[in-house]
Amino acid sequence: MFELLATDPECGARRGRMSLPHGTVETPAFMPVGTQGSVKTLHPAEVAELGAEMILGNTYHLWLRPGPELIREAGGLHCFAGWERPLLTDSGGFQVWSLARLRKITEEGVRFQSHLDGTPLLLTPERSMEIQAALGSDVAMLFDECPPYPCSRDYAAGSLALTTRWARRCKEWVDRHAPPSGTGRQHHFGIVQGSTWADLREQSARELVDLDLDGYAVGGVSVGEPEAAMLDAIDHAVPFLPAAKPRYAMGLGTPPQLLAMIARGIDLFDCVMPTRLARHGVAFTPDGPIHLKTRQFEHDHRPLCEAAHPHVAGFSRAFIRHLFRAGEILALRLLSFHNLHFYVRLMRQARQAIEAGSYRSFQQEFLSRYTPNHSP
RNA sequence: GGGUAGGUUCCGGAGCGGUCAAACGGGGCAGACUGUAAAUCUGCUGGCUCACGCCUUCGCUGGUUCGAAUCCAGCCCUGCCCA
């Protein structure tokens with residue numbers, strides 16, 4: 001299912017290919033986030049056109065609305081949402097963290113109160129797998145608990161152990177309900193937890209690897225931790241993950257962070273940043289992010305950047321600023337398209353650099369120009 | 001000409017004797033956003049110091065009062081109604 005095509009001689013960067021029921025994904029890859037089955041503001045054809053090969057959907061949100069039965073009835077999430085390429089579904093574990101005020105964690109699972117109408121709900125490892133099976137995603141994530149940052153070592157250790165027990169239950173459910181082989185089958189990734197402790201990350205990784213899953217993710221990042229802690233979490237987990245399987249850093253990150261994690265051997269990313277910031281008026285450029293709503297772009301008649309996709313290259317910064325101020329939906333669409341294209345293009349450049357054996361210099365060249373808080 | 005309702009900080013619009021530099025909304029200006037409860041959220045938005053504080057503002061001019069955007073008088077302007 002995962003083919004390792006090349007490894008950079010100077011760092012851990014890998015060039016790979018995932019073969020999934022709905023197509024292949026060249027890695028390193030970035031997955032746009034489509035929580036509700038839709039990458040916000042964009043038509044699936046546009047997401048495909050900007051170059052995304054795989055997107056992400058969310059179990060928790062699709063469970064609550066419209067419900068897995070309806071999606072199964074429609075022929076699965078691919079048919080229902082009009083996305084023909086590979087699709088990964090998150091397990092709902094992250095909502096345990098992000099909707100923390102409305103939940104209670106037990107051995108059995110997580111008792112939620114629906115954020116929509118307050119209905120009491122119970123999400124268990126088995127239920128998460130069952131829902132994801134109904135959604136028919138190419139990759140389903142095992143149900144995990146994502147601890148907050150910071151958290152005590154005791155909490156992290158207990159949380160990790162729970163995530164492992166839940167992972168075993170997920171695997172058991174899958175083994176009972178789905179055939180273990182077959183090219184069209186759903187694949188399953190485990191999620192390494194352990195917060196900021198190296199030994200806990202190692203323990204979590206080893207316990208999940210014992211389950212012989214199709215891929216492994218590093219979770220518990222993108223929860224407000226400093227960047228150094230984020231990179232450490234990756235470093236503490238990756239050495240214990242099998243080289244022959246894909247590695248996925250969940251919920252990350254900024255362009256420099258993505259390049260840093262690729263150098264550490266990560267193959268797969270997802271992040272709301274390009275789409276959310278787009279809707280909030282921020283465009284990514286090779287010089288760094290620019291806040292288009294600010295006055296400095298009032299008379300800026302240049303395109304967003306020289307690398308802009310033809311679909312957006314014809315629009316000036318001044319015009320897009322005008323669209324934002326006027327509350328026009330096109331502003332959100334143009335920047336969503338542009339930012340995702342920027343991310344996907346960055347991954348393509350990274351892949352080419354790895355193939356050429358020059359990933360380090362590519363990364364350095366990118367960083368030398370990119371200013372995190374850019375103001376021209 | 002008569003009657004009537006008003007004129008408030010960029011706009012709309014509260015306030016109707018002190019706790020008013022003046023609610024709230026809009027607009028404007030910044031900032032935040034990392035497995036999406038986010039086309040969202042937060043802050044600032046008279047001047048000077050930008051902390052305390054001080055100064056100048058609520059159509060204009062006078063007056064009452066310890067004290068007025070708030071009460072009184074005159075004037076100017078605007079909407080509506082009647083001639």
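This one's a predicted model, so the numbers in the text were calculated from it and none came from an experiment. Numbered from 1 within each chain, the chains take letters A, B, ... in sequence-line order.
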Report summary line: Sorted by chain and number, sequence neighbours left out, side-chain hydrogen bond (donor to acceptor under 3.5 Å, both in side chains) with His78(A) holds for His22(A), Asp138(A)
Please enumerate all protein N or O atoms sitting under 3.5 Å from an N or O of nucleotides 27-29 of chain B, with distances to 0.1 Å.
residue: rC29(B); atom: OP1; partner: Arg325(A); partner atom: NH1; Å: 3.3
residue: rC29(B); atom: OP2; partner: Arg325(A); partner atom: NH1; Å: 3.2

Query raised in the report: Going by number, which of residues 189-213 of chain A have a non-hydrogen atom under 4.0 Å from RNA chain B?
Result: Ile191(A), Gln193(A)
Query - side-chain hydrogen bond (donor to acceptor under 3.5 Å, both in side chains) involving Gln349(A) - partner list, sequence neighbours excluded - result: none
Requested in this report: May I have all residue pairs that pass salt bridge (charged side-chain N to carboxylate O under 4.0 Å, His left out) and include part of residues 253-282 of chain A, sequence neighbours excluded?
Outcome: Arg14(A)-Asp267(A), Asp235(A)-Arg264(A)
Query raised in the report: What residues in residues 123-143 of chain A put a non-hydrogen atom under 4.0 Å from any atom of RNA chain B?
Result: none
**Report entry** Touch class at under 4.0 angstrom, heavy-atom based, for Asp144(A) against every strand present
**Finding:** base
Report summary line: Thr35(A) meets the side-chain contact (heavy atoms from CB on, under 4.5 Å) criterion, sequence neighbours left out, with Val33(A), Asn58(A), His61(A)
Query raised in the report: What residues, two or more places apart in sequence or in another chain, satisfy side-chain hydrogen bond (donor to acceptor under 3.5 Å, both in side chains) together with Glu306(A)?
Result: Arg369(A)
Report summary line: Note: contacts of residues 228-263 of chain A with RNA chain B (heavy atom, under 4.0 Å) are Met230(A), Met250(A), Gly251(A), Leu252(A), Gly253(A), Thr254(A), Gln257(A)
Report task. For Arg333(A), enumerate each residue passing the side-chain hydrogen bond (donor to acceptor under 3.5 Å, both in side chains) test, keeping only those at least two apart in sequence or located in another chain. Result -> Glu46(A)
**Report entry** For rG74(B), the Watson-Crick or wobble counterpart (both distances under 3.5 Å)
**Finding:** rC60(B)
Query raised in the report: Considering residues at least two apart in sequence or located in another chain, which fulfil the ring-ring contact (aromatic ring centres under 6.0 Å, His included) criterion with Tyr370(A)?
Result: Phe366(A)
Report summary line: Per the under-4.0 Å heavy-atom filter, residues of residues 28-57 of chain A near RNA chain B come out as Val33(A), Thr35(A), Lys40(A), Leu56(A)
